[in-house]
Each structure stands twice: as C-alpha cells, then as structure tokens.
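The structure under discussion appears below in the form of structure tokens.
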Amino acid sequence: KIWFAVALGLLLPFSYAHTDFFTSIGHMTDLINTEKDLVVSLKDYIKAEESKLEQIKKWAEKLDQLTATATKDPEGFLGHPVNAFKLMKRLNTEWGELENLVLKDMSDGFISNMTIQRQFFPNDEDQTGAAKALLRLQDTYNLDTDTLSRGNLPGVKHKSFLTAEDCFELGKIAYTEADYYHTELWMEQALKQLDEGEVSSADKVYILDYLSYAVYQQGDLGKAMMLTKRLLELDPEHQRANGNMKYFEYIMAKEKEANKSSTDPEEQLEKETEVKKKDYLPERRKYEMLCRGEGLKMTPRRQKRLFCRYYDGNRNPRYILGPVKQEDEWDKPRIVRFLDIISDEEIETVKELAKPRLSRATVHDPETGKLTTAHYRVSKSAWLSGYESPVVSRINTRIQDLTGLDVSTAEELQVANYGVGGQYEPHFDFGRKDEPDAFKELGTGNRIATWLFYMSDVSAGGATVFPEVGASVWPKKGTAVFWYNLFPSGEGDYSTRHAACPVLVGNKWVSNKWLHERGQEFRRPCTLSELE
Ligand code: OGA
Ligand code: FE2
C-alpha cells in the first residue's frame, strides 16, 4: 500500500499534464507532424552516416592499392623518398584521423531531436486506450475480427491493415483486462494470418499459449485442449503447456464424473445469475443496435405525423422574412432538427476558438457530485463564452430566437470533439432528484432543454441515439437538434435518455447549449399535469 502511494506520488506530476491523445483527433494531428519531422531528421542522420562510410571506404580502397604495390617490392618502394615520407605521415597522423572518423557519432542531431519530441509521445495508457477503442468499435458495430484486421471499414479514405503482430498486441491488451472474449478473437486472428503465410516476428507458441488460456477461461475445455496439443507439437518441452494439458485431462475426467450425478444446486444458481446478467443487457443492446442504424422503424401512420416546415420562431422579427428549415426527427419526446442553421465559417471560428482549450470531458460523479473523467464519456471539450467572440454571441442569440427560451441562464456554449472510438454512453442531460444537486451552484435550476449543433459530418458511426424510444439522429454538418429534457412541470422526461455513439471512421465535432429553467417561467409556463 505504502509503495503504491509512493509510486503514485512520483507518477502523478508527469501523468497529470498528459492529454489523452486517443480521445480527440485534434491532438493526434500534432503527432503526425511530429512524426514527419522525426523522419526528416532520421533521413539526415542516414545521409551523414552514409557519407561517413563512403569516406572510410575510399580510404580503405586507396590503402588497399598502395599496400598491394608496396608489399610486392618493399625495398624498391621505400627507395623513393616521397614514399618513405608518406608512410611516416600515414602512420603517424592519417590512421589516427581515420580512427577519429570511425569513432565519430553521427547520430547527435537525430537523438537530441528524438529526446525532445519523446516528451510529447503517447504513453502506455494512450496505447491501451486506442486498443480498447478498437475493441469497443468491434462490439458496437458488429465488425468481425477479419474485417477489422484487413481494414475493410465503410467510408475509409486510407485503407490500413493489422499485422499478425498487431493482432497479437490487441489480444494481449484484452488479456490484461481479463477480457477473454476479445483475447480469443484477436489471438485467433493472429494465428490465422500466420497460417496464411504472413511473414512476422510473432511467435505461434506464444499466441497459442494465450489463446488456449482464454478459451479455457470461457469454459471450452475441449478447444483449449486442442490448442494446447497444437502448441506442444511446435514446442514439446513447453513447461506450462505440459502442465495445463495434464490439468485439462484431470478436469475433463472430473466433469464426466460429475455429469453422472447432475442438478448441482450451485450450478443452478450460476445459471440464474447468468440470466440476470443478460437481463441487464437490453439498454446496451438497444444502444448498439441504434448506433448501427438498426433502429425501431416507426409505423407508417406514426411516421406520417412527422413534418418539415419553414419556422419563423413564432413570428420573431429576425426570422419573419427569412424563416429557417425545421423538421421533426421524433414525436415523443419531440426532437426537431434545424437545417442550415450554422454556416461553415461560423463552424470554423468556433472550432478554432475551442481547439487550444480542448481537454478531456468530465461527468458528475453521482456519489460525490464532483467532476471526474469516465470511460463512458470519451471526448474532448471546451467552453466558449458569448463575450469572447461575436460569432459565439450571435449563435447564442439564434438559439434564444428559435427556441423562445432565455439563454441568459444557459450554460456556456460547449464544443466537443470525438476522435475514433470517442463516445458518450446513455445518460440524461438533466439532474435527477436522487443526485446531489449538480446544478445547485449555478442557481439557474435544472437543464430544461438541449440544443446540439452538428459541426461535422462523420464518415461512419457517431449518431446521437435515444435507446428508450429507439430514435437515431445522424450527424449532418450545419444542422442542429433540439429537445426538452423536462416536462413543463419541471419533472424529468426519462424518455430523453440518449447517447453519442462511438465514431467508427472520421471525426465528430458538435457544440451544445444547455438551457436552464430560470428565466423560462413565462416563456414555458407549467401546466396542471405533472407528466406532460
Ligand atoms: C452530450 C451529448 C450527444 C452527441 O454532450 O450531452 O449527449 O451526439 N452529446 O454528441
Ligand atoms: Fe447529452
């Protein structure tokens, strides 16, 4: 325990400044540039090393010729006084110079560049984060391991594939997370690629070792034995495999015995908890289905009641002559989308303002009410105030005009960037009664409504989905969606539970405005009923 505390204390000052690269594309583009600079520096180093070797070669060739003639007739050769002088000079100074040249370190420039840049390199945590993002995408989008490894994803511009070694690496990361399901998938893929003849430094024995263990952990004893047998064919002396084999045989025999006297109460219990675990799945399942675009289809009758229209913000003077396009995305809860509601120039300005300030997004810890980072919210975000740019201020006014709600009590404009694998799992935007009041400090009441701008298209993935009701809203650059989180009574509308699906390919930019209750008393008065 003490050791742990000491180690943590030492590590923190370094890791706290770290930026979680994998959560946003913005920071990763810097890495690409760094890598490019390093390659230039590496090439310079190679050139210097080559020219050094060239000089040494020339010297060797010259001496080779010289000694050849000299040794043929040493006395005649040295009879020439210039030859005698040159021999002295060579041995006394020139060989020394050559020695210096051979010893000269040409790598200085490259190594010092490397040392400087390395401070900003991703660390183990980033690598694990990126690997976990891949595994998450694999699950959410039902991608089979082979498709992912061969890089056959929808909408990719730059195809890329995984080597057997990469697959092995992913398997190992899953293994350290005790995620034997993915360990099996990725070790199997590594093995498959090696069996197909891929040249690699990955070792089949190692792969089989992990694979058989993962398979055993998932309860497939027969397969685990088969794999261990295969391992032993490659390395008959493998100690652990030999031990495992004996153990598997022993378990196998015992199981056969047990099967004779079945209906073990403990087993029954295990089965029941398994069922319970599965019962817990539905939201996750629904979420993933919606992310894949396998949403509930509305009945045609219900669909017919969704319209699109020109909207003037209830005769708002700013929109009477130029109303905006508005369409219904969903009926209950009502979700509307505004089209062409933010221009490309405005988007660029907002992104540029936000970029230098992007940092890992946080969530309210329901137990402490404090802000923390969480695996279920992976993105980077920044807050922009209306004071800092006329563009932000104009955007705030637009939201006020089109929602009819007072934005002076709203939170500042939040800008978020999701990199590949970036997501925000199902959540409510409003604070629940059983939570420590997350918005108490603000003094503006609960989050009455959400306005969400899509500031980029996403090549694949990245939908905003509502698992309770089965709605998927797809990002479309320049549009915005709006919904109320609370009923007019102030009660939370639980059907607004929503999520941002992981980005599969590309990069997602959104910005949102959370409007609060205060100031809306006359703009959205409460009704007599609690739940409408
Ligand atoms: C949020 C949110 C949805 C999205 O930030 O609260 O739900 O699609 N975002 O980014
Ligand atoms: Fe949200």
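In listed order, ligands and their atoms are each counted from 1.
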Polar contact flag for Y454 and ligand 1 (N/O pairs, less than 3.5 Å): no
Pair R284 + E288, salt bridge at N-O below 4.0 Å: yes
Per-atom contacts, ligand 1 versus Y418 - under 4.0 Å to a heavy atom: 4 (C), 9 (N), 10 (O)
Salt bridge present between K132 and E177 (N-O < 4.0 angstrom): yes
For Y424 against V363, the heavy-atom pair lying closest together: OH-CG1, 3.9 Å
Heavy atom of W514, distance to ligand 1 below 4.0 Å: yes
Y424-ligand 1 polar pair, N/O distance under 3.5 Å: no
Ligand 1 atoms in contact with A500 (distance to a heavy atom under 4.0 Å): 3 (C), 4 (C), 8 (O), 10 (O)
From CA spacing to verdict: side-chain hydrogen bond (donor to acceptor under 3.5 Å, both in side chains), S149, D146: CA-CA 5 Å; S149 180; D146 202 58; 5.7 Å; no
Opening angle at the Fe ion (ligand 2) [NE2, H427; NE2, H498; to 10 degrees]: 90°
R524 bridged to E517 by N-O distance under 4.0 Å: no
Pair E425 + R136, salt bridge at N-O below 4.0 Å: no
Nearest neighbour in protein (non-hydrogen) for atom 5 (O) of ligand 1: N512 ND2, 3.4 Å
Nitrogen or oxygen atoms of H427 and ligand 1 under 3.5 Å apart: yes
Ligand-residue contact atoms, ligand 1 with T464, heavy atoms, under 4.0 Å: 3 (C), 4 (C), 8 (O)
Minimum-distance N/O/S atom that D429 presents toward the Fe ion (ligand 2): OD1
Heavy-atom donor-acceptor pair, S381 side chain to Q414 backbone, under 3.5 Å: no
Atoms of ligand 1, numbered as shown, that sit under 4.0 Å from any heavy atom of K508: 4 (C), 8 (O), 10 (O)
Identified side chain to side chain donor-acceptor pair (under 3.5 Å) partner of D401 from the options N314, N316, N396: N316
